[in-house]
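What follows is one structure encoded as structure tokens, with my remarks underneath.
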Amino acid sequence: KVDEFVEYGHDKGDFRERIISCLCESSARNFLWATIACEVIKQNVPWNAIAIVEKLPKGIESLYRCMMRRVSELDQNDQEFCNEVLLSMAVAHRPLHISELQDLVHLPPEVNIKTLVQKWCFSFLKLSGETIQFTHNSAREFVRKHMQDKLSTAHLEMSARCLLYLSKSWDTLLCDERCWLSYCHP
């Protein structure tokens with residue numbers, strides 16, 4: 001991960017080693033913490049990597065709180081978009097394809113979910129191809145705990161949106177089945 005943001009230069013090796021040493025010391029050898037710290041560094045300029053790592057809170061729970069605070073400091077719209085995506089993912093019982101998540105959250109068409117996840121939700125969510133999932137079960141549990149008061153409403157909304165989606169697709173599904181059956185039984 002460190003090689004993704006260390007710029008090539010005359011002291012690249014030494015700088016890389018200092019960053020790795022700082023990450024190991026600050027993370028208490030917690031790989032998840034170090035991964036999130038690397039993502040935070042990638043959001044900034046790499047020459048400030050050591051200072052960035054030193055400012056991050058120790059422990060994964062504290063780091064999650066810090067990252068959630070960063071989401072809460074976004075402008076109102078972006079904050080709501082992030083919270084809606086995080087809440088929908090917390091309610092889902094499996095990773096979601098981007099198109100599934102788009103159907104669930106109803107963001108404005110100009111909002112790119114990939115960008116949202118990679119820029120602001122990266123501590124909690126990751127993109128694997130076209131699928132979005134939590135970075136770790138601890139991230140999912142943190143989001144569920146943080147948004148606990150909204151979970152039951154989110155479950156109801158997700159159920160309603162799924163039923164609406166199915167009802168819109170029902171005629172197409174029936175037509176497709178009838179067409180398929182007509183080919184099987186001429």
Side-chain angles (χ1 to χ4, degrees), residues 1-92 94-98 101-102 105 107 110-148:
K1 285 268 186 195
V2 172
D3 287 334
E4 293 176 18
F5 57 81
V6 171
E7 294 180 340
Y8 292 90
H10 66 280
D11 67 342
K12 177 190 172 211
D14 180 53
F15 184 56
R16 181 182 181 279
E17 292 307 315
R18 287 185 297 147
I19 293 171
I20 290 172
S21 175
C22 183
L23 281 168
C24 288
E25 184 180 312
S26 296
S27 70
R29 301 208 181 268
N30 180 317
F31 184 74
L32 181 58
W33 190 98
T35 300
I36 294 170
C38 286
E39 292 299 322
V40 172
I41 294 166
K42 283 171 42 179
Q43 300 288 326
N44 293 279
V45 291
W47 54 86
N48 291 332
I50 292 172
I52 291 166
V53 170
E54 289 173 346
K55 288 179 185 174
L56 291 174
K58 308 298 182 243
I60 197 68
E61 187 84 12
S62 298
L63 185 56
Y64 285 150
R65 276 193 299 277
C66 173
M67 301 315 290
M68 193 59 85
R69 227 177 357 266
R70 286 185 180 191
V71 168
S72 70
E73 293 169 357
L74 296 172
D75 75 47
Q76 188 65 32
N77 286 337
D78 291 334
Q79 181 183 359
E80 287 175 15
F81 300 154
C82 288
N83 285 332
E84 192 163 345
V85 166
L86 288 169
L87 188 57
S88 293
M89 289 302 299
V91 170
R94 62 173 177 77
L96 297 176
H97 190 275
I98 290 172
L101 188 56
Q102 285 171 329
V105 295
L107 298 176
E110 64 272 11
V111 176
N112 184 308
I113 288 184
K114 283 183 181 182
T115 302
L116 192 81
V117 168
Q118 292 170 331
K119 185 157 181 70
W120 294 312
C121 300
F122 63 86
S123 301
F124 307 103
L125 303 174
K126 67 180 178 179
L127 196 59
S128 300
E130 295 294 307
T131 302
I132 297 174
Q133 62 191 39
F134 278 97
T135 55
H136 190 266
N137 194 49
S138 63
R140 182 177 193 272
E141 292 307 312
F142 178 86
V143 170
R144 288 180 63 83
K145 185 173 134 187
H146 182 77
M147 298 181 161
Q148 186 174 6

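The chain is numbered in sequence order, starting from 1. What you see below is based on every heavy atom in this structure, not just the backbone, and it leaves out hydrogens, waters and symmetry mates.
The shortest distance between side-chain heavy atoms of Ile60 and His136 does not fall below 4.5 Å. You'll find the side chain of Leu127 reaches within 4.5 Å of the side chain of Ile98, heavy atoms only. Side-chain atoms of Leu101 and His97, non-hydrogen and from C-beta on, never get closer than 4.5 Å to each other. Looking at heavy atoms from C-beta onward, Lys126 lies out of side-chain contact with Ile132 at the 4.5 angstrom threshold. Between Leu96 and Thr131 the shortest side-chain heavy-atom distance does not fall below 4.5 Å. Looking only at side-chain heavy atoms (C-beta outward), Gln133 and Arg94 stay at 4.5 Å or farther from each other. Contact check for Ile113 versus Phe81: no side-chain heavy atoms found under the 4.5 Å cut-off.
Here the NZ-CD1 distance, from Lys55 to Ile50, works out to 13.0 Å after rounding to the nearest 0.5 Å. Note: Glu84 CD to Leu86 CG = 10.5 Å, rounded to the nearest 0.5 Å. How far CG of Leu56 is from SG of Cys66: 6.0 Å, rounded to the nearest 0.5 Å. Between Leu63 atom CG and Ser138 atom OG the span is 10.0 Å, to the nearest 0.5 Å. Atom CD1 of Ile52 sits about 10.5 Å away from atom SG of Cys38, to the nearest 0.5 Å.
Not one N or O on the side chain of Trp33 forms a donor-acceptor pair closer than 3.5 Å with the backbone of Ser26. In terms of modelled atom types and a separation under 3.5 Å, the side chain of Arg140 and the main chain of Ala90 share a donor-acceptor contact. In this structure a side-chain-to-backbone donor-acceptor pair under 3.5 Å is missing from Asn48 to Asn44. Remark: the backbone N or O of Arg69 is paired with a side-chain donor or acceptor of Ser72 at under 3.5 angstrom. Within the 3.5 Å criterion, the main-chain N or O of Gln79 finds a donor-acceptor partner in the side chain of Asn83.
Side-chain contact annotation: Glu39 with Gln43, donor-acceptor N/O pair under 3.5 Å absent. In this model, a donor atom of one side chain and an acceptor atom of the other lie less than 3.5 Å apart for Ser62 and Arg65.
Heavy atoms from other residues, nucleotides or ligands lying under 6.0 Å from NZ of Lys119 number 12 at most. Within 6.0 Å of CD on Glu25 lie no more than 12 heavy atoms contributed by other residues, nucleotides or ligands.
Using a 4.0 Å cut-off between a side-chain N of Lys or Arg and a carboxylate O of Asp or Glu, Glu73 and Arg70 do not qualify as a salt bridge.
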For side chain to side chain contact (heavy atoms under 4.5 Å, CB included), just list the numbers for Asp78 and Trp120, CA-CA rounded to whole Å, side-chain angles, deciding distance to a tenth of an Å, and then say yes or no.
-> CA-CA 9 Å; Asp78 291 334; Trp120 294 312; 3.3 Å; yes
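Scanning all heavy atoms of the two residues, the minimum distance from Phe134 to Val143 falls at CE2-CG2, 3.9 Å. Minimum interatomic distance between Asn30 and Leu32 (heavy atoms only, all atoms of both residues): OD1-N, 3.0 Å. Closest of all the heavy-atom pairs between Thr135 and Ser123 is OG1-O, 3.3 Å.
Relative ring orientation between Phe142 and Phe124 is described as parallel, the plane-to-plane angle staying below 30° on a 0-90° scale split at 30° and 60°.
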